[in-house]
Amino acid sequence: MGCLNDNEASVRNAAASAVSAIARIEVPIHLWNDLVDCLNGIIQDPSVRLEVKVTCVETMRYICEDLDPDDMDPTMANAILMGLLYCLQSTMPPEMRNEAIQALNAALYFGDSFMASSENSNRVLESICSCCSDGNPEIAMNGFICLNVVFDAFYTSLGDAFGALYPVAKQAIASGEATVSIQASLALETLALVEKERSEAGEPAAGYCARFGADLVATLCLKMTQQEEEDGETMTPPIAAATCLGAFCELMGNGMTRGVLMIIEVVPIVWPFVSANIGSSDWHLQEAALMIFGCLLRGPDAAFMAPMVAEAAPMLCSLVLEGSNLAVCDSAAWVLSQVCEGHLAAVPAEQTQRVLETLLAGLDLPPRVSQHLAVAVAAICDYIAAPDATSNLLSPCFQALLEKLTRCAEKTGAANGPLRENAAYALISLIQCAAADCEDLLQAFLEFVLQKAETALAAAGGEQETRFHLQRFYCIVLVSLVQRLGARCERYVDALAEISYKVLASDNASAHTQGILLFSGLVVSCFARSVQFIVGFSSLSHAATPPPLPGEGRGDAQRRPHLSRRHHLSRRHSPHRRRHGRALARPEDAGLRAHPRLRRRPLRLALRLSA
């Protein structure tokens, strides 16, 4: 504890970490019950230097980050929260307030008992509101991050305080300070998601979003016109604003939520902007209109949006391929993927062929655009899939889609990550939805992939990550082909079994599960021809899937392969806590949590392969 008073910042920081490490052991067993009282005593001692007081607050944050709720007595948790409220007074130095608001973010994880008191919850909300309106951008940013926790975990404690919080958040969204604007949008997005969840669960909601929605939507739309062309994958204020708008659209829809009339309707507010600017010569206005339209597709029901989708379909196809810049093409592709996922029936029959041609041509565009079109292909496959169909919508372009999706899924490098994963899922969906008139093409494709897999498994040079990715990808495709073709794979059993053997014998642990699934599919589809390989397979699979250690659950090798579907909705904060089934905010991951273009970043959709 004495080292917390050291003159060197590095020593003080190390001491804070050491105290937290000891507390992690001793606090749960009640061996250091006066720890927080000691820290609060130092903080409130007027003779102690400011940097030492800040270090004591930092120590409290570390303690809250390291402990679980059951490890800390409510009395100690209340003492921490009271101490932090003292540090958050507006008269305190900014260094103290900034550290205290970050500590409060972690301490609220233990705040159930403290926040049960309306007096305490009001004090917490007043302190957070004060930080959110602070002129110091870092304090304001951390204030909005902390507000996420309150919205998510203590929604019922908001009461009338939201009336004071909303104007602060609105002003922050409209401000020119990027980090503050982003976190303010994400905080209100969290509020909309919480109210949506409560509505769906039949729980009472105060309707804050409906009360202020009309005013906020206009602010969000304005912010969305301030984007930069090179934004790409980076979280920016316009993208954060679009995220928030998407959540409000999901909540309020076309004016109805679970049969309860909302105070406002989203569409009448934003559609004039969309219709006026979707064809604008100013790309800022045009892309904003596209993003708003895409957000609307997440809210109102399909029947309500059908006329608008039908009207927009031709323009979307044109903008994907011929947009004025990459940002416009990107957003148009994202909107088209949203149409294919939830509103395909609204596309006029005469435009269907044009949509397919756009998807085919668009798969050759930069990955920022083509990743969305791969999602669109997968959505169409899921939409048209029907057992024993003799032909379907994709039959005429089936061969071209096989080739293009394979090329996309084979691409390497970080920039191609989302495209690679989306294309892999789309390819699996395409194989599974193949009609009878495409089975000969599938059989030829099986021969092609077999050759590719053999080459990838024989390769020894090059980058290991690339080689392992290709091995795993080809094996996944073979699994799907065996499932779809069934007995038609009989002539390839020897080659497929050999691939399975080689995968299991390789040092590519990420592909071992696919090797097992491939052989399992062979046994199901061609048992008589596969039974001779079972003995050899058993020894290899046993070596590739060692038993779990005592206390461990099922290992990755025992699970079905998947690319988990993520909307990448996590933000920065340590620790990464969870309440009510959703992750709390972590600002450094802001680009992952909140983008309304839910397909802009890596979209890892479940491969849904069965053994």
- Non-hydrogen side-chain atoms of Met76 and Asp37 separated by less than 4.5 Å: no

- Message: Quick one about Thr190 and Asp152 (side-chain donor to acceptor, distance below 3.5 Å, no hydrogens or angles considered), yes or no?
- Response: no

When the side chains of residues 17-33 are checked against the rest of the protein, which donor-acceptor pairs come out under 3.5 Å, sequence neighbours left out?
unit_1 : atom_1 : unit_2 : atom_2 : d
Ser17  : OG     : Asn13  : O      : 3.3
Ser20  : OG     : Tyr62  : O      : 3.2
Ser20  : OG     : Asp66  : OD2    : 2.4

- Message: Main chain of Ser118, side chain of Ser121: is a donor-acceptor contact present, judged purely on distance under 3.5 Å?
- Response: yes

- Backbone N or O of Ala240 within a donor-acceptor pair of the Lys223 side chain at under 3.5 Å? no

- Query: Under 3.5 Å, is there a donor-acceptor pair linking the side chains of Arg49 and Asn5?
  - Reply: yes

- Message: Given 3.5 Å as the limit, does a donor-acceptor pair link the side chain of Asn508 with the main chain of Phe468, or not?
- Response: yes

- Message: Do Pro94 and Ile139 have side chains that approach each other closer than 4.5 Å (heavy atoms only, starting at C-beta)?
- Response: yes

- Task: Output yes when Glu51 and Arg12 qualify as a salt bridge under the 4.0 Å nitrogen-oxygen rule, no when they do not.
- Result: no

- Could you tell me how the ring of Phe162 sits relative to the ring of Tyr208: parallel (under 30°), tilted (30 to 60°) or perpendicular (over 60°)? tilted

- Would you say the side chain of Met60 lies within less than 4.5 Å of the side chain of Ile43, judging by non-hydrogen atoms? yes

- SB check Arg123 Glu119 (cutoff 4.0 Å): no

- Item | Sidechain-backbone polar pair: Asn120 side chain, Ala116 backbone, donor-acceptor under 3.5 Å | no

- Are Phe212 and Phe248 near enough that their ring centres are under 6.0 Å apart? no

- Nearest-0.5 Å distance, CG of residue Asn105 to SG of residue Cys146: 4.5 Å

- Message: Once rounded to the nearest 0.5 Å, what's the spacing between atom OG1 of Thr156 and atom CZ of Arg198?
- Response: 6.0 Å

- Item | Heavy-atom donor-acceptor pair, Gln183 side chain to Val180 backbone, under 3.5 Å | no

- Message: Whether the side chain of Ser117 engages the backbone of Phe114 through a donor-acceptor N/O pair (distance < 3.5 Å, no angle test) should be reported.
- Response: no

- Lys/Arg N to Asp/Glu carboxylate O, Arg368 vs Asp330, below 4.0 Å: yes

- Query: Would you say Asp73's side chain and Thr75's backbone share a donor-acceptor pair under 3.5 angstrom?
  - Reply: yes

- Is the side chain of Asn142 donor-acceptor paired with the backbone N or O of Glu138 at a distance under 3.5 Å, no angle test? yes

- Task: Would you indicate whether the side-chain heavy atoms of Ile173 and Leu216 approach each other to under 4.5 Å?
- Result: yes

- State, yes or no, whether a side-chain contact exists between Tyr155 and Glu195 at a heavy-atom distance under 4.5 Å. yes

- Task: Give a yes or no on whether the backbone of Ser130 and the side-chain of Ser133 come within a donor-acceptor separation of less than 3.5 Å.
- Result: yes

- Determine whether Arg211 and Tyr166 make a side-chain contact, defined as any pair of heavy atoms from C-beta on separated by less than 4.5 Å. no

- Query: Quick one: CD1 on Ile239 to CD1 on Ile182, what's the gap to the nearest 0.5 Å?
  - Reply: 8.5 Å

- Message: Within this structure, what is the CG-SG distance for the pair Leu220 and Cys249, rounded to the nearest 0.5 Å?
- Response: 9.5 Å

